[in-house]
Q: 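Just passing along the structure, written as structure tokens.
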Amino acid sequence: MSSSLLKKLSTIAAPAAKPRPSRRGLLVRRYAIPAGSALLTLDAARFRALGFDVQSAGDCLFLDTETTGLSRGAGTVAFLVGLGYLDGNEFVVEQYLMRDYPDEPDLLAAVAAAARRFSAVVTFNGANFDLPLLNSRFTMNRMRGELPPLVSVDLLLPARRLWKLRIKSCRLANLEAQILGAPREHDLPGSEVPGRYFSFLKTGDESLLTDVLDHNREDVVSLGKLLAVLSEAYFQPEMISDPIDLFSAGRAFERRGEEHTARRLYVLASAPRPVTSLSALTAQKYAGEANARLYAMYRRAQDWENALAVLSCMLTRKQKLAFAHVELAKYLEHRKRDYAEALRHVDAAFALAPEAERAALMHRRERLIRKMR
């Protein structure tokens, strides 16, 4: 078959490819809602309680990205960046979406220009994902240094420390439902976002991105609400109502070395409450854990009067009985040399302890008997 005939046949068999629609140019959207009073009055003291050196919420840029994947590799791009900020009594959300890959420098330039007006950036897991990804994209586009250094206020860690014990999952959607009391309806799952964007690139159908833009906007709005709730909880932790959250807050303040606050929170968390539900039963368990941590703090400080008072309280309230008996046995053996009374507490602990702990208790019992002889 001649080459000229092959050429004619191939022309007939393959229809002419349609040119890809041109979509060059950023899509920019702006959205404004009334800002809550808690966010408007958020001051330096509340930021310090949360662990960040920021003067006010007005200094913050709230940022969330939608990306072509979940890795931070060279092929992952933030195709949509949502930015939020306070403007008077309004919370404004600006969204920058690139209609095609050549638009990326314009998107990054818009983000950099907005960031220069602020001293801090608020994200949810942004320290591990959004910000490193954006920095890598600035580098890939030879724009390194254009994004100013901002104080990173990542809300994921303080949220986990305060609420993970009680609500388990600290995904933003779960925090909206269980902490903010505002579950989303008909929201696009984050796993479907990259596919929507790739379909848009193929077809040019901008309606595919409506749900993506709505999802991103709600993420940014939730950052402001979550910041207000978290900062107030850390600023006035004694006002936390749930005993499990009180215990979690106590651990957070103890980890930060603020032991006076931690003790107050452990005392509140350890108070007995009526067991009227499964969650109340779980809270009862953490009431014992709170007293155990309170005892450990007094013991480290050699404050034996308060330490013994906590152990006595645990026995009265039947909290972690085996633990309380063992700690009393240690005190009586090593500090009071009252071996007979120490032995009584060891025997009481032995009857309550799980099998894995009984060998150590038997060893302690034999030592006390030898000392008594």
Side-chain angles (χ1 to χ4, degrees), residues 161-162 164-166 237-238 240 242-373:
R161 287 177 173 172
L162 186 56
K164 185 175 176 60
L165 270 181
R166 178 165 63 89
E238 296 88 350
I240 295 172
D242 191 279
I244 300 176
D245 293 348
L246 281 168
F247 172 71
S248 297
R251 289 196 310 179
F253 279 93
E254 183 184 0
R255 188 181 291 115
R256 282 160 49 165
E258 299 181 38
E259 295 200 348
H260 182 67
T261 301
R263 287 173 187 159
R264 294 202 313 270
L265 295 172
Y266 286 147
V267 169
L268 292 171
S270 66
R273 289 172 172 82
V275 180
T276 57
S277 63
L278 183 60
S279 61
L281 185 63
T282 305
Q284 192 177 52
K285 167 193 169 185
Y286 286 109
E289 295 290 345
N291 259 335
R293 283 185 169 265
L294 185 61
Y295 162 75
M297 293 175 72
Y298 284 130
R299 185 186 62 189
R300 287 196 301 269
Q302 297 292 295
D303 184 350
W304 290 108
E305 180 180 356
N306 280 315
L308 292 172
V310 172
L311 292 178
S312 176
C313 176
M314 294 176 74
L315 293 178
T316 301
R317 296 176 180 175
K318 295 180 171 53
Q319 297 171 339
K320 292 180 69 72
L321 288 174
F323 170 86
H325 280 300
V326 169
E327 294 303 318
L328 280 168
K330 292 177 183 178
Y331 173 80
L332 291 165
E333 177 186 357
H334 299 299
R335 302 192 70 85
K336 305 300 288 186
R337 304 292 193 269
D338 187 342
Y339 306 129
E341 186 66 8
L343 182 61
R344 185 179 73 81
H345 283 287
V346 169
D347 288 341
F350 190 85
L352 298 164
E355 189 66 33
E357 298 176 10
R358 290 186 172 181
L361 287 171
M362 185 59 69
H363 178 74
R364 183 178 296 278
R365 188 178 193 279
E366 292 170 354
R367 185 177 69 241
L368 284 167
I369 292 173
R370 288 197 303 271
K371 288 183 176 182
M372 290 170 64
R373 289 173 181 169

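Quick note: residue numbers are just sequence positions, from 1. What you see is a predicted model, and the numbers here were worked out from it, not measured in a lab.
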Q: Can you name the nearest heavy-atom pair linking Ala269 to Ala290, along with the distance?
A: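 Looking at all heavy atoms of both residues, the closest pair is CB-CB, 3.9 Å.
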Q: Find the distance between CG (Asn306) and SG (Cys313) and round it off to the nearest 0.5 Å.
A: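 The SG atom of Cys313 is 11.5 Å from CG of Asn306, to the nearest 0.5 Å.
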Q: Answer yes or no: does atom NE2 of His334 have more than 12 heavy-atom neighbours from other residues, nucleotides or ligands under 6.0 Å?
A: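 Result for NE2/His334: enclosed.
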Q: My understanding is that only residues two or more places apart in sequence, or in another chain, count here; which of them pass side-chain hydrogen bond (donor to acceptor under 3.5 Å, both in side chains) with Lys330?
A: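 Per chain and number, Lys330 pairs via side-chain hydrogen bond (donor to acceptor under 3.5 Å, both in side chains) with Glu327.
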Q: Considering all heavy atoms of both residues, which atom of Gly288 and which atom of Gln319 are nearest to each other, and what is their separation?
A: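 Nearest pair, atom of Gly288 first, then Gln319: CA-CB, 3.7 Å.
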Q: Report yes if the side chains of Leu361 and Val326 come closer than 4.5 Å at any heavy-atom pair, otherwise no.
A: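 Sidechains of Val326 and Leu361: in contact.
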Q: Side chains of Leu165 and Tyr286: closer than 4.5 Å at any heavy-atom pair?
A: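 Touching, per the 4.5 Å side-chain cut-off.
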Q: Any chance you could measure Ser248, atom OG, to Lys164, atom NZ, to the nearest 0.5 Å?
A: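 Ser248 OG to Lys164 NZ: 11.0 Å, rounded to 0.5 Å.
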Q: Which atom names give the shortest non-hydrogen contact between Ala262 and Met297, and what distance separates them?
A: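 Shortest heavy-atom separation between Ala262 and Met297 comes out as CB-CE, 4.1 Å.
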Q: Please name the pair of heavy atoms, one in Leu311 and one in Phe323, separated by the smallest distance, quoted to 0.1 Å.
A: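 Taking Leu311 first and Phe323 second, the nearest heavy atoms are CD2-CE2, 4.4 Å.
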Q: Do the side chains of Lys285 and Lys320 get nearer than 4.5 Å, heavy atoms only?
A: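 They are not in side-chain contact.
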Q: Is Asp303 close to Glu305 at the side-chain level, that is, under 4.5 Å between some pair of heavy atoms?
A: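 Answer yes - side chains close enough.
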Q: For the residue pair Trp304 and Tyr331, does the interplanar ring angle fall in the parallel (under 30°), tilted (30 to 60°) or perpendicular (over 60°) class?
A: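 Trp304 and Tyr331: tilted rings.
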Q: If you take all heavy atoms of Thr261 and Pro237, which pair is closest and at what distance?
A: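 Distance-wise, the nearest heavy atoms are CG2-CG, 4.1 Å.
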Q: Passes side-chain contact (heavy atoms from CB on, under 4.5 Å), Leu321 versus Met314? Steps please.
A: CA-CA 7 Å; Leu321 288 174; Met314 294 176 74; over 6 Å; no
Q: According to the salt bridge (charged side-chain N to carboxylate O under 4.0 Å, His left out) rule, which pairs have a member within residues 247-256, sequence neighbours left out?
A: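 Checked against salt bridge (charged side-chain N to carboxylate O under 4.0 Å, His left out) - neighbours excluded - the pairs reaching residues 247-256 are Glu254-Arg293, Glu254-Arg300, Arg256-Glu258.
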Q: Roughly how far apart are Phe247 CZ and Leu265 CG, rounded to 0.5 Å?
A: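 Taking CZ in Phe247 and CG in Leu265, the distance rounds to 11.0 Å.
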Q: Taking C-beta and beyond as the side chain, do Ile240 and Leu162 meet within less than 4.5 Å on heavy atoms?
A: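 Counting from C-beta outward, Ile240 and Leu162 do come under 4.5 Å.
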Q: Give the C-alpha distance, both sets of side-chain angles, the deciding distance and a yes or no for side-chain contact (heavy atoms from CB on, under 4.5 Å) between Leu368 and Glu333.
A: CA-CA 8 Å; Leu368 284 167; Glu333 177 186 357; 3.7 Å; yes
Q: Roughly how far, to the nearest 0.5 Å, is OH of Tyr339 from CZ of Arg367?
A: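 Rounded to the nearest 0.5 Å, the CZ-OH separation comes out at 10.0 Å.
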Q: Could you tell me if the side chain of Asp347 sits less than 4.5 Å from the side chain of Leu343, heavy atoms only?
A: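 They are in side-chain contact.
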Q: So, is the end of the Arg358 side chain (NZ or CZ) under 6.0 Å from the ring centre of Phe350 and within 45° of the ring's axis?
A: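 Checked: cation-pi criterion met.
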Q: Report yes if some heavy atom in the side chain of Pro243 is under 4.5 Å from a heavy atom in the side chain of Gln284; otherwise report no.
A: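 Counting from C-beta outward, Pro243 and Gln284 never come under 4.5 Å.
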Q: Quick check for you: to the nearest 0.5 Å, what is the distance between Arg166 atom CZ and Asp242 atom CG?
A: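 It comes to 4.5 Å.
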Q: Rounded at 0.5 Å granularity, tell me how far CG in Leu268 sits from CG in Asp245.
A: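 Taking CG in Leu268 and CG in Asp245, the distance rounds to 13.0 Å.
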Q: Verify side-chain contact (heavy atoms from CB on, under 4.5 Å) between Lys336 and Glu341, making sure each step is shown before the conclusion.
A: CA-CA 10 Å; Lys336 305 300 288 186; Glu341 186 66 8; over 6 Å; no
Q: Does Glu289 form a side-chain contact (heavy atoms from CB on, under 4.5 Å) with Ser270? I'd like the steps, not just the answer.
A: CA-CA 8 Å; Glu289 295 290 345; Ser270 66; over 6 Å; no
Q: Side chains of Arg264 and Val267: closer than 4.5 Å at any heavy-atom pair?
A: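 No, too far: nothing below the 4.5 Å cut-off.
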Q: Identify the two heavy atoms, one from Ala329 and one from His345, that lie closest to each other, and give their separation to 0.1 Å.
A: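 Distance-wise, the nearest heavy atoms are CB-CB, 4.0 Å.
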